[in-house]
Amino acid sequence: MELHTLMIMGIVMILLLVAVIGTVGKDRAHNYDERQELLRGRAYRHSYTTLLIGSGVMIGIQELGLFPQIKPSLLVLAAVFVSAGIYAVFCIMNDAYLGIGCELKPMLRGVAVLIASCALNAYLRIKAHGGLLVDGKVALDTGFFLLGVGLFTVLLAAIGIKLGKQSAEE
Amino acid sequence: MKNLRMKAARVAKDLSQQQLAELCGVSRQTISAIEKGDYNPTINLCIAICRTLGKSLNDLFWEE
């Protein structure tokens, strides 16, 4: 399949996702929580700043030729993952979880499942490629799942710290 | 500064933070943050809390 066809399909998928999230969001309008919305706004600001700085750093890394074994597209993806991590950790640490009224313990289980899923996918892709490197570089599909393992492990740690603080307060 | 008057009014009504949160349409964490003095609620939320607890704004939120 041509690259531009894949890109168009990707854009269509993202638009569909936004439409679905928008519809679900409307249904949850009665669960509006002003403090969580405020904190999520701050989290978005930190996340956006991180993405801007991260993109600059990644462009610098590419131009200087550092980490030649990592594909440029994977570096861009890493900046996006770090930015998403900043947003999620800020929300978790400030009691503004991603869903209104969402509790930490179910989130902990969900994140653990995501880590296991990403780790399994990364393992299967490394096995399929016969190693981590393909043509001397980390493959995008393997790198994606390794980044996923990293991101979700950070989230798991943040949720664990927050749960520890909660039980200490109680 | 902790909002002990709000906590006292909630306990007097025999409500948990979760119950009060549901009655006011916010999350439990928000009620907890207000009681701990970590968050200044908007006037709309103050009014919702006062109506639920049967108190006036002065009773719960005015600082001398």
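Every chain is numbered from 1 and lettered A, B, ... according to where its sequence line falls, protein lines coming before strand lines.
Residues of residues 45-62 of chain B lying under 4.5 angstrom from chain A, judged on non-hydrogen atoms, are B/Leu45 by number. Residues of residues 2-16 of chain B having a heavy atom under 4.5 Å from any heavy atom of chain A: none. Scanning residues 33-42 of chain B against chain A with a 4.5 Å heavy-atom cutoff picks out B/Ala33, B/Lys36, B/Tyr39, B/Pro41, B/Thr42, ordered by number.
When the shell of 6.0 Å around CD of A/Gln69 is examined, it contains more than 12 heavy atoms from other residues, nucleotides or ligands. By the neighbour-count criterion of 12 heavy atoms within 6.0 Å, atom OH of A/Tyr87 is densely surrounded, having more than that number from other residues, nucleotides or ligands.
A/Leu38 and A/Phe90 fall into different hydrophobic clusters, defined by Ile, Leu, Val, Met, Phe, Trp and Tyr side-chain heavy atoms under 4.5 Å apart, directly or through other members. Under the 4.5 Å side-chain heavy-atom criterion for grouping Ile, Leu, Val, Met, Phe, Trp and Tyr, A/Leu147 is not connected to A/Tyr123 through any hydrophobic cluster. Cluster membership check: A/Leu114 does not share its hydrophobic cluster with A/Val149, using side-chain heavy-atom separations under 4.5 Å among Ile, Leu, Val, Met, Phe, Trp and Tyr. By the rule that hydrophobic residues join a cluster once side-chain heavy atoms approach within less than 4.5 Å of another member, A/Val134 and A/Ile126 end up as members of separate clusters. Grouping the Ile, Leu, Val, Met, Phe, Trp and Tyr side chains by contacts below 4.5 angstrom, directly or via other members, places A/Leu156 with A/Met93.
With sequence neighbours left out, A/Asn121 forms a side-chain hydrogen bond (donor to acceptor under 3.5 Å, both in side chains) with A/Arg125.
A distance of 11.5 Å separates CG in A/Asn94 from CD in B/Gln29, rounded to the nearest 0.5 Å.
Between the side chain of A/Asp33 and the backbone N or O of B/Val26, no donor-acceptor pair lies under 3.5 Å.
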